[in-house]
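Numbered from 1 within each chain, the chains take letters A, B, ... in sequence-line order.
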Protein chains: 2
Amino acid sequence: MYFNVEIYWLMEILLGIKINEKLYLRNPEDTVLGRKILKHSVELIYKLGFESFTFKKLAEKIGSTESGIYRYFENKHRLLIYITSWYFGWLAYKISFQTNNLKNPKIKLQKIIKLMALPIKDDKQTSYIDEGLLHSVIVAEGSKAYLTKQVDKDNKLQFFKPYKDLCNLIGDIILEYNPKYKYPKSLASTIVEVVHFQNFFMHNLSSLTDYSKNNNKVEIVGFLNNLVFSSLDKK
Amino acid sequence: MYFNVEIYWLMEILLGIKINEKLYLRNPEDTVLGRKILKHSVELIYKLGFESFTFKKLAEKIGSTESGIYRYFENKHRLLIYITSWYFGWLAYKISFQTNNLKNPKIKLQKIIKLMALPIKDDKQTSYIDEGLLHSVIVAEGSKAYLTKQVDKDNKLQFFKPYKDLCNLIGDIILEYNPKYKYPKSLASTIVEVVHFQNFFMHNLSSLTDYSKNNNKVEIVGFLNNLVFSSLDKK
DNA sequence: TTTAAATAATAGTAATACTATTAAAATAAA
DNA sequence: TTTATTTTAATAGTATTACTATTATTTAAA
């Protein structure tokens with residue numbers, strides 16, 4: 001138990017995942033209850049979907065009370081943004097780390113696409129959050145973090161910085177590969193979004209994709225590589 | 001009033017927008033109240049966002065009661081699917097109509113991208129639904145129709161047929177243009193989704209895109225044409 | 001040791017998403 | 001034409017949700 005917490009702090013420093021302080025009332029990383037909230041909210045959102053997920057159900061799951069969770073998060077939407085921030089921070093770290101030693105920007109971009117489309121190979125027990133579940137939650141629920149009437153307010157509070165940072169990171173490598181490319185930002189956000197909804201369609205509305213049941217995740221990588229590099233290599 | 005209704009029926013036949021009967025308890029097209037529900041729900045979802053939209057508020061707006069609306073729709077999610085069905089049916093019709101006379105599949109695809117990215121030039125008063133508002137609602141709320149835990153059930157009830165039909169229509173033209181292309185379905189769904197979320201980002205999280213404030217909609221067309229044709233033209 | 005500050009649980013509220021009951025109106029049968 | 005029947009609609013009700021306020025308990029400082 002204590003060991004995991006320590007490991008978490010190590011990862012935190014290593015990962016450099018900084019989560020906007022305005023997202024929470026009380027830092028969930030600081031207490032056992034807070035960490036339980038994070039871990040089990042991912043599990044429960046995965047299980048019930050964000051609409052049916054409530055603080056009361058979460059409280060029951062972790063043996064606390066509704067108001068216990070309200071001490072950490074103002075509402076469930078902020079918790080969702082917290083989770084997506086964590087995800088994008090973690091992804092950006094993973095990408096930085098694994099592309100750091102690479103020189104060729106083409107190989108960098110291919111690595112990025114792979115890391116996003118085929119998640120969880122390493123990071124077995126890096127932290128108390130199950131990254132496999134987290135990825136599924138982001139695919140199905142992530143866009144609900146910004147598809148609201150308060151986007152503008154939330155954006156002004158910098159809540160989407162981790163997402164933007166990731167897109168900027170990808171956008172920079174795109175320009176490194178092709179300095180004349182006209183749409184680096186749009187292509188970067190398109191890569192992220194396409195990975196997510198093609199994943200969703202593959203699992204839930206498969207006739208909207210071309211992937212075979214067995215090799216599906218690999219084929220998303222194929223589609224994205226084709227899409228990205230044909231656009232970047234166009235003379 | 002009667003005139004609009006007649007026009008609507010004409011459009012309905014002309015458009016061939018067939019909406020799944022399981023989506024409603026009572027056909028909203030058949031009554032004045034039903035048509036009011038459709039028209040004003042688009043307006044109210046646009047104004048409040050889907051989360052804050054309720055049948056009670058809608059009832060107040062149109063001078064009816066909550067249970068009055070429940071006689072037409074089982075819940076607000078079904079109403080959202082109804083609206084998205086209407087949108088994709090209308091889009092598919094528009095596309096079929098405007099590409100019918102075209103021979104060159106490249107020009108067809110370009111027309112499709114234009115029609116989706118630059119909505120509402122014609123269709124001033126074709127029906128009682130404001131297509132301009134409808135487009136905005138689809139951009140911000142459309143994906144919530146399928147991003148739920150009941151996708152699978154809803155899919156088995158054929159609720160997403162209009163979306164799939166549109167993607168198949170686009171996928172067929174993609175194959176017409178390049179019969180050897182490996183990802184016609186994924187590219188088709190990608191076109192639809194990219195148009196929508198690039199539109200959303202442009203208005204709400206503009207740093208995720210490359211479009212200038214003035215010419216933005218045209219530039220989405222530029223980005224998509226680049227993306228689609230560089231992929232399809234790759235040797 | 002008393003007091004204050006922080007923490008947590010209990011109970012409460014307005015609003016939401018529906019349902020069930022009852023009333024009124026339209027339609028059909030006798 | 002009257003009565004029965006079905007349809008339509010409004011009123012009232014309920015469980016749940018998303019919070020808030022109050023009260024109790026623990027911890028820490030003076």
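Rounding to whole angstrom units, CZ of residue A/Arg78 and C1' of D/dA18 are separated by 15 Å. Put simply, CG on B/Leu33 is 16 Å from C1' on C/dA25, counting in whole angstrom units. Regarding B/Glu51, its CD atom lies at a distance of 16 Å from the P atom of D/dT17, rounded to whole Å. Atoms CD1 (A/Ile69) and C1' (D/dT20) sit 16 Å apart, rounded to a whole Å. Going from atom CG of B/Leu25 over to atom P of D/dT8 covers 12 Å, rounded to whole Å. Atom CZ of B/Phe73 is separated from atom C1' of C/dC18 by 16 Å (rounded to the nearest Å). Summarising the geometry, the separation between CG on A/Asn27 and P on C/dA6 is reported as 17 Å, rounded to the nearest angstrom. Whole-Å rounding puts the A/Leu79 CG to D/dA18 P distance at 12 Å.
Side-chain nitrogen and oxygen atoms of B/Arg71 include at least one within less than 4.0 Å of the OP1 or OP2 phosphate oxygen of D/dA9. An OP1 or OP2 oxygen of D/dA18 is reached within less than 4.0 angstrom by a side-chain nitrogen or oxygen of A/Lys76.
Judged by atom type and distance alone, B/Thr65 does not reach the base of D/dA9 through any side-chain donor-acceptor pair under 3.5 Å. In terms of polar N and O atoms assigned as donor or acceptor, the side chain of B/Ser67 never comes within less than 3.5 Å of the base of C/dT19 in a complementary pairing.
Between B/Tyr87 and B/Trp90, the angle of the ring planes lies from 30° to 60°, which puts this pair in the tilted group. Using cut-offs of 30° and 60° for the angle between ring planes, the A/Tyr70 and A/Phe55 rings count as perpendicular.
Each of D/dT11, C/dC18, D/dC19 was ranked by its minimum atom distance to the side chain of A/Glu66; first place goes to D/dC19. Side-chain atoms of A/Lys57 lie closest to D/dT17 of the nucleotides C/dC18, D/dT17, D/dA10. Comparing C/dT7, C/dA17, D/dA9 by their closest approach to the side chain of B/Thr54 singles out C/dA17. Out of C/dC18, D/dA9, C/dT7, the shortest distance to the side chain of B/Asn75 is found at C/dC18.
Side-chain contact, A/Ser189 with B/Gln198: a donor N or O sits under 3.5 Å from an acceptor N or O. B/Ser41 and B/Tyr82 form no side-chain donor-acceptor contact under 3.5 Å, judged by distance and modelled atom types alone.
Between A/Tyr72 and B/Tyr70, it is A/Tyr72 whose nearest contact on DNA chain C lies nearer the 5' terminus.
Aromatic rings from A/Phe88 and A/Tyr163 are positioned such that their centres are separated by under 6.0 Å.
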